[in-house]
Amino acid sequence: MKISVHRAPGTRDFLPEEMALRRYVRKVIEETFELYGFQPLETPAFERLDVLTGKYGEEADRLIFKIMKRGEELEAAKLSGDLADLGLRYDLTVPLARVVAMNRGELTFPFKRYQIQPVWRAERQQKGRYREFVQCDVDIVGTTSLAADAEIIALTDHVLHRLGIPGYRIHLNHRKLLQAIAQAASIPDERFLEMCVTIDKADKIGLNGVWEELANKGFITEQIVRLKEMLSAPHDPNVALQHIQPFLEKLESGQIALRETTAFLSHLQDMNVPRERVSLTLHLARGLDYYTGPIFETLVETPRIGSITGGGRYDNLIGMFCGEAIPAVGTSLGIERIIEVMRELKLFGEISEGSARVLVAVFSPETENEALKIAAELRRAGVPTEVFLESNKKLGKQFAYADKKRIPYVIVAGPDEISQGVVTLKNLQTGEQKVVDRAQIIEELNQRFRLE
RNA sequence: GUGUGAUUAGCUCAGCUGGUUAGAGCGCCUGACUGUGGCUCAGGAGGUCGGGGGUUCAAGUCCCCUAUCGCACCCCA
């Protein structure tokens, strides 16, 4: 009987070819993080449900994968309706907050950590969105200094630059700026989040779409007109700041917001973040409730895939776990989307990582032992080597095998070579072939590898 | 949770208003090339058309049910 072979919806397998790309991107990211002094952290796939819920806003709680209680507890729970007590992590920020709260006596602050692990979301699959995907977070915990926020942006820029992503732009905004804007537009506090959610859609539905949707939601014309005036600012950070200044400088909250934004931008300049890579985008709001300060998101023009990084400052989240306010700022790099962009734009060169460098062909059953010996020597010398695992296949098959697996060199040791104490070494990329003394193989190969 | 489209060979798909033995490209296997991959050429294998029911002389094609996958909305990486 045949078992059905479907994957759970919204999940993926990563075959070796795909893994090579993923590992390459991950390596570049990790190296860059460490260049800035961040250290790795891992946390469990699942957490107690009370740790996860209530941190992201009501909407998101529904999207947490819940794990049912087990055994007797489950029977008891059927009466109360609380069937789950654990959940798969929804992001990496909340687990970080939990770790910091639990270890705050031991950690050295500011605590700079990065974390690259899968997260799970119980939503319907869509283009570029999965129910299981890898998130990659960097955060700085324990300082309110805006230099930390700026460092996160500098790091984001550095990673994307190193990966060779063209045309990305890091959009910045500040929650306090948004609050002051809402205040200046006479929007009451209780409609602030609703306003944020709507204006945040600007890249998707355009600013005109935003005005329309605000009107549909019952925002009055006067409020919309004020928002229009304020939000229709150019992208250049300093110009945008000048544009918004007259609207906000009379408000106390506005003054604070302007001062902090100015400081933030000036740090970015000092850290050499290229000016054309950043925008002050006043309609950027981001969905998550817990942001309190600067917020940011990176977009690429092609392909249109949504944001490839996103983050911000969240000074109150960790306090929810330990009662003591611990400020933090960080970002999440959408590794999956970054890979998708790189694939789409063909930015991956020939990555043959994961394949062996040499295939030792087996000429015939009689010479198999010699091939095995050669392979063992190569491996001992640190050369990634495959030996053909069947002894009765034609050489043509074996060369085709090496070609398909992108193994660049094939060594043949047939009866002629063995009797003369040599091997034939062929480079599949150039087609060049030469006879090498049996004792010289490793030296010959190492010389070639060094030249590549 | 709400809409919507699809399902035919290992993969990507064609198959017009129902009409005999269901096709193509790629991939795979064999050979030309009995010690050498990519290119070319010649052959070959591979499908109960997702599953079930119905209409009809006749169903891959029309109708109903079901399963699965995808896309859009909400929200987000």
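Proteins get letters first, then strands, A, B, ... in listed order; numbering begins at 1 in each.
Nearest heavy atom pair, residue A:Phe296 against residue A:Leu284, reads CA-CD2, 4.0 Å.
Applying the 3.5 Å distance criterion, the base of B:rG37 shares no donor-acceptor pair with the side chain of A:Gln429. For B:rG37, the base has a donor-acceptor partner in the side chain of A:Lys426 [N/O atoms by modelled type, under 3.5 angstrom].
Contact annotation for A:Gln398: no contact, since no heavy-atom pair falls under 4.0 Å across all strands. Note on A:Ala402: nothing from the nucleic acid sits closer than 4.0 angstrom, heavy atoms only. Among the protein residues, A:Tyr130 comes within range of the nucleic acid bases, having at least one heavy atom under 4.0 Å from a base atom. At the heavy-atom level, A:Val412 lies under 4.0 Å from base atoms of the strands shown. Using a 4.0 Å heavy-atom distance criterion, A:Gly396 is classed as a sugar-phosphate-only contact. Counting any heavy atom pair closer than 4.0 Å across all strands shown, A:Glu132 reaches no nucleic acid atom.
When each of B:rC75, B:rC76, B:rG38 is scored by its nearest atom to the side-chain atoms of A:Asp403, the top-ranked nucleotide is B:rG38. Of the listed nucleotides (B:rG37, B:rU36, B:rA77), B:rA77 has the atom at the smallest distance from the side chain of A:Arg121. Closest to the side chain of A:Phe363, out of B:rC69, B:rG35, B:rA77, is B:rG35. Residue A:Gln135 has its side chain nearest to B:rA77 when only B:rA77, B:rG37, B:rC75 are considered. Each of B:rC76, B:rG37, B:rG35 was ranked by its minimum atom distance to the side chain of A:Phe399; first place goes to B:rG37. The side chain of A:Val197 lies closest to B:rC75 when the candidates are B:rU36, B:rA77, B:rC75. Closest to the side chain of A:Leu395, from the set B:rC69, B:rA77, B:rG35, is B:rG35. Closest approach to the A:Pro415 side chain among B:rG31, B:rG35, B:rA77 is made by B:rG35 (side chain taken as heavy atoms from C-beta onward). Comparing atom distances between the A:Ser307 side chain and each of B:rC28, B:rA77, B:rU36 picks out B:rA77 as nearest. Each of B:rG35, B:rC76, B:rC75 was ranked by its minimum atom distance to the side chain of A:Thr424; first place goes to B:rG35.
For the ring-ring contact (aromatic ring centres under 6.0 Å, His included) test, residues two or more places apart in sequence or in another chain that qualify with A:Tyr401 are A:Phe388. Under the rule for a side-chain contact (heavy atoms from CB on, under 4.5 Å), the partners of A:Val435 that lie at least two apart in sequence or sit in another chain are A:Val422, A:Thr424. Remark: A:Ser364 pairs with A:Glu366 by the side-chain hydrogen bond (donor to acceptor under 3.5 Å, both in side chains) rule, at least two apart or across chains.
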Within the sub-3.5 Å range, which N or O atoms of nucleotides 2-7 of chain B have a protein N or O partner, and how far apart are they?
from	atom 1	to	atom 2	distance (Å)
B:rU2	O4	A:Arg124	NH1	2.9

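Comparing the same atom, P, in B:rU68 and in B:rG31 gives a spacing of 44 Å after rounding to whole Å. B:rG44 and B:rA24 are spaced 11 Å apart, taking the P atom of each and rounding to whole Å. Distance noted for atom P between B:rG23 and B:rG47: 14 Å (whole Å). Comparing the same atom, P, in B:rU4 and in B:rA77 gives a spacing of 29 Å after rounding to whole Å. Separating the C1' atom of B:rU56 from that of B:rC63 is a span of 12 Å, rounded to the nearest Å. Spacing between B:rC28 and B:rG10 at atom C1', rounded to whole Å, works out to 8 Å. B:rG19 and B:rC62: their P atoms are spaced 11 Å apart (whole Å). Rounded to whole Å, the C1' atom of B:rG15 lies 14 Å from the corresponding atom of B:rA59.
Under the 4.0 Å criterion applied to side-chain N and carboxylate O atoms, A:Asp315 and A:Arg313 are assigned as salt-bridge partners. Salt-bridge formation is not detected for the pair A:Arg26/A:Glu31: no Lys NZ or Arg NE/NH1/NH2 atom is positioned less than 4.0 Å from an Asp or Glu carboxylate oxygen. Under the 4.0 Å criterion applied to side-chain N and carboxylate O atoms, A:Arg169 and A:Glu276 are not assigned as salt-bridge partners.
Of the residues in residues 164-172 of chain A, not one places a heavy atom less than 4.0 Å from an atom of RNA chain B.
Looking at heavy atoms from C-beta onward, A:Gln115 lies in side-chain contact with A:Thr43 at the 4.5 angstrom threshold.
In this structure, the OH atom of A:Tyr401 is 23 Å from the P atom of B:rG35, given to the nearest Å. One atom, CG of A:Leu428, and another, P of B:rG37, lie 10 Å apart when rounded to the nearest Å. Atom CZ in A:Arg131 sits about 14 Å away from atom C1' in B:rG1, given to the nearest Å. Going from atom CD1 of A:Ile295 over to atom P of B:rA77 covers 11 Å, rounded to whole Å. Per the geometry, NZ belonging to A:Lys394 stands 9 Å off C1' belonging to B:rC33, to the nearest Å. In this structure, CG of A:Asp91 is placed 18 Å from P of B:rC75, rounded to the nearest angstrom. Per the geometry, CG belonging to A:Leu63 stands 7 Å off C1' belonging to B:rC75, to the nearest Å.
At the phosphate of B:rU36, neither OP1 nor OP2 sits under 4.0 Å from any side-chain N or O atom of A:Lys434. Within the 4.0 Å cut-off from OP1 or OP2 of B:rC75, at least one side-chain nitrogen or oxygen of A:Lys201 is found. Taking only side-chain nitrogens and oxygens, A:Arg7 never comes nearer than 4.0 Å to OP1 or OP2 of B:rC69. Between A:Lys405 and the phosphate of B:rG38, there is no side-chain N or O to OP1/OP2 separation shorter than 4.0 Å.
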- salt bridge (charged side-chain N to carboxylate O under 4.0 Å, His left out) between A:Arg121 and A:Glu132: does it pass, once the steps are laid out? CA-CA 7 Å; A:Arg121 298 195 180 170; A:Glu132 175 183 67; over 6 Å; no
- Which dot-bracket notation, 5' to 3', represents the base pairing of RNA chain B when pairs are defined as Watson-Crick or G-U with both distances under 3.5 Å, crossing pairs as [ ], and inter-strand pairs as |? (((((((..((((.....[...)))).(((((.......))))).....(((((..]....))))))))))))....
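No cation-pi contact links A:Arg89 to A:Phe46, judged by a cut-off of 6.0 Å to the six-membered ring centre and 45° from its axis. Relative to the ring axis of A:Tyr130, A:Arg12 places its NZ or CZ within 45° and under 6.0 Å from the centre.
For the pair A:Phe133 and B:rA77, the ring geometry qualifies as stacking, because the centroid separation is below 5.5 Å while the planes lie within an angle under 30°.
Toward the 5′ end of RNA chain B lies the nearest nucleotide of A:Ala8, the other residue of the pair A:Ala8 and A:Leu333 mapping further downstream.
Counting non-hydrogen atoms of neighbouring residues, nucleotides and ligands closer than 6.0 angstrom, the CD atom of A:Gln39 reaches no more than 12 such neighbours. Atom CZ of A:Arg343 is surrounded by more than 12 heavy atoms from other residues, nucleotides or ligands within 6.0 Å. For CD of A:Glu194, the number of neighbouring non-hydrogen atoms (other residues, nucleotides, ligands) closer than 6.0 Å is greater than 12. Atom CG of A:Asp189 is surrounded by 12 or fewer heavy atoms from other residues, nucleotides or ligands within 6.0 Å.
The aromatic rings of A:His235 and A:His171 sit perpendicular, their planes meeting at an angle over 60°, well past the 30° parallel limit.
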